[in-house]
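Have a look at the structure below, then the notes.
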Amino acid sequence: MLTANDFFDLSDALHADAFNDTVYVWDVLKSLGDYIQFCFAHHFPPGIHPEAQVHPTAVVNAKQVYVGPGAKIAPHAYVEGPAIISAGASVVQGAYVRQDVILSPGAVLGHTSEAKNALFLEDAHAPHFAYVGDSILGNGVNLGAGTKLSNLAMNSAKDPVTGKRPTIKIRAGDEEYDTGLAKLGAILGDEAQTGCNTVTNPGVLIAPRTLVYAMASVRKGYYPPDSILKIMQTQEVIQRR
């Protein structure tokens, strides 16, 4: 229920190897930086491919970023890295790519959106005003405009002795799982979607093809596949006086 294969079809995924040796789906976030460095050494050396399209006003740290053929970096985007912008992926105007980010082929980080320690699988889109921190977006995922994948709980102050934050624990079924991560945003399975201005609390697992209504605040935990997460609003129309 909580493995990578429960959330994603990795049979043809370019970055399927990122999930090697993982037990739970969130484990990949612990080693994403190491996987990127391995790719730099063996598959995708840092630099901008001649067939990539990088606008002159975009800032790309070419020593820590691979930009593949056909990838697009739009005006005023900032790609700090380490990051892999795979062939055919897009970083749209004003977007911010921070450390340890992978955009798989066809993935989009959109207008004024930000990503950090995040993996976008094929055709995953965060097109408008999104925050994707310590998160994974499955194949064909679409985040509605303004979606925020919150990754740090408000009650996660550092221990004064150890200097460490508490780890995020997730309940799925009758069991609670300690992720071992102090920061964990959301994991969205293949073809899941969020409506506009959705906010997920730290530690949300949304299984494939599940839909989240606009304006929802999603509590941490596991949500099964092929579900709809609704919010109920009441509205009243009265006569102006």
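- Between Val101 and Asn117, every side-chain heavy-atom pair lies at or beyond the 4.5 Å cut-off.
- For the atom pair NZ of Lys116 and OG of Ser135, the computed distance is 9.0 Å after rounding to the nearest 0.5 Å.
- The nearest pair of heavy atoms linking Ala83 to Val97 is CB-CG1, 3.8 Å.
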Just do the side-chain contact (heavy atoms from CB on, under 4.5 Å) check on Tyr78 and Arg98 with the steps written out, would you? CA-CA 8 Å; Tyr78 180 33; Arg98 292 171 58 189; over 6 Å; no
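- Tracing side-chain contacts under 4.5 Å through hydrophobic residues (I, L, V, M, F, W, Y), one reaches Leu29 starting from Tyr222; they form part of the same cluster.
- Between the side chain of Asn151 and the backbone N or O of Leu184 there is no donor-acceptor pair closer than 3.5 Å.
- Side-chain atoms of Ser86 come within 3.5 Å of backbone N or O of Leu103 as a donor-acceptor pair.
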Chi angles and distances behind the side-chain contact (heavy atoms from CB on, under 4.5 Å) call for Val25, Thr3: CA-CA 5 Å; Val25 64; Thr3 71; over 6 Å; no
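- Within the model, atoms OG1 of Thr22 and CG of Asp27 stand 6.0 Å from one another, a figure rounded to the nearest 0.5 Å.
- Between Trp26 and Tyr24, the ring-plane angle classifies as parallel under the 30° and 60° cut-offs.
- One N or O on the side chain of Arg171 and one on the backbone of Asp174 form a donor-acceptor pair closer than 3.5 Å.
- Considering every non-hydrogen atom in both Ala58 and Val54, the closest pair reads CB-CG1, 4.2 Å.
- Residue Ile170 holds its CD1 atom at 8.0 Å from CG of Leu2, rounded to the nearest 0.5 Å.
- Nearest heavy-atom pair across Thr194 and Leu143 is OG1-CA, 3.3 Å.
- Taking each heavy atom of Ile168 and Ala182 in turn, the nearest pair found is CD1-O, 3.6 Å.
- Under the 4.5 Å side-chain heavy-atom criterion for Ile, Leu, Val, Met, Phe, Trp and Tyr, Val204 and Val132 are members of the same hydrophobic cluster.
- Linking ILVMFWY side-chain heavy atoms closer than 4.5 Å, directly or via other members, places Leu10 and Ile102 in a single hydrophobic cluster.
- Considering Leu229, Asp226, Leu188 in turn, Leu229 is the only one that fulfils the side chain to side chain contact (heavy atoms under 4.5 Å, CB included) rule with Thr210.
- Here His49 and Tyr66 keep their ring centres 6.0 angstrom or further from each other.
- Closest approach of Ala207 and Pro224 over heavy atoms only: CB-C, 3.6 Å.
- Annotation for Lys158: atom NZ does not count as buried by contact number, only 12 or fewer foreign heavy atoms lying within 6.0 Å.
- Although no hydrogens or angles enter the test, the distance criterion places a donor-acceptor pair under 3.5 Å between the side chain of His111 and the main chain of Gln93.
- Using modelled atom types, no side-chain atom of Ser11 and backbone atom of Asp9 make a donor-acceptor pair closer than 3.5 Å.
- Using a 4.5 Å heavy-atom cutoff, the side chains of Val65 and Ile85 are in contact.
- Note that CD of Glu236 and OG1 of Thr234 are 8.5 Å apart. Values are rounded to the nearest 0.5 Å.
- In this structure, the side chains of Gln193 and Val141 stay at 4.5 Å or more apart for every pair of heavy atoms.
- Contact check for Gln99 versus Glu80: side-chain heavy atoms found under the 4.5 Å cut-off.
- Ser104 contributes a side-chain N or O that, together with a main-chain N or O of Phe120, makes up a donor-acceptor pair within less than 3.5 Å.
- Both Tyr177 and Ile136 are part of a single hydrophobic cluster, where members link through side-chain heavy atoms under 4.5 Å apart.
- Residues His76 and Thr57 approach most closely at N-OG1, 3.0 Å, considering heavy atoms.
- Within the 4.5 Å cutoff, no side-chain heavy atoms of Thr147 are placed close to those of Asn197.
- No more than 12 heavy-atom neighbours from other residues, nucleotides or ligands sit within 6.0 angstrom of CG on Asp12.
- Side-chain atoms of Asn201 come within 3.5 Å of backbone N or O of Val218 as a donor-acceptor pair.
- Ring pair His15/Tyr35 is perpendicular by interplanar angle, where above 60° counts as perpendicular and below 30° as parallel.
- The backbone N or O of Phe129 sits less than 3.5 Å from a side-chain atom of Ser113, completing a donor-acceptor pair.
- Looking only at side-chain heavy atoms (C-beta outward), Phe8 and Ile187 come within less than 4.5 Å of each other.
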Go through the steps to decide whether Leu205 and Tyr223 satisfy the test side-chain contact (heavy atoms from CB on, under 4.5 Å), and finish with yes or no. CA-CA 6 Å; Leu205 308 179; Tyr223 297 86; over 6 Å; no
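- Note that the CG atom of Asp6 and the CG atom of Asp190 stand 11.5 Å from one another [nearest 0.5 Å].
- Considering OH of Tyr213 and CD1 of Ile228, their distance stands at 5.5 Å, rounded to 0.5 Å.
- Residues Phe7 and Val28 are members of one and the same hydrophobic cluster, defined by side-chain heavy-atom contacts under 4.5 angstrom among Ile, Leu, Val, Met, Phe, Trp and Tyr.
- In this structure, Met215 places its CE atom where only 12 or fewer heavy-atom neighbours from other residues, nucleotides or ligands lie under 6.0 Å away.
- For the pair Thr179 (side chain) and Leu181 (backbone), a donor-acceptor distance under 3.5 Å is present.
- For the side-chain contact (heavy atoms from CB on, under 4.5 Å) test, residues two or more places apart in sequence or in another chain that qualify with Thr167 are Lys169, Asp178.
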Walk me through whether Leu119 and Leu137 qualify under side-chain contact (heavy atoms from CB on, under 4.5 Å). CA-CA 6 Å; Leu119 172 56; Leu137 304 186; over 6 Å; no
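- Looking at Asp134 and Lys183, no side-chain N of the basic residue comes within less than 4.0 Å of a carboxylate O on the acidic one, giving no salt bridge.
- For the pair Phe40/Pro46, a side-chain contact is recorded, criterion being any heavy-atom separation below 4.5 Å from C-beta on.
- Residues Leu14 and Glu122 are in side-chain contact: their nearest non-hydrogen atoms beyond the backbone lie under 4.5 Å apart.
- Using modelled atom types, one side-chain atom of Lys148 and one backbone atom of Gly146 make a donor-acceptor pair closer than 3.5 Å.
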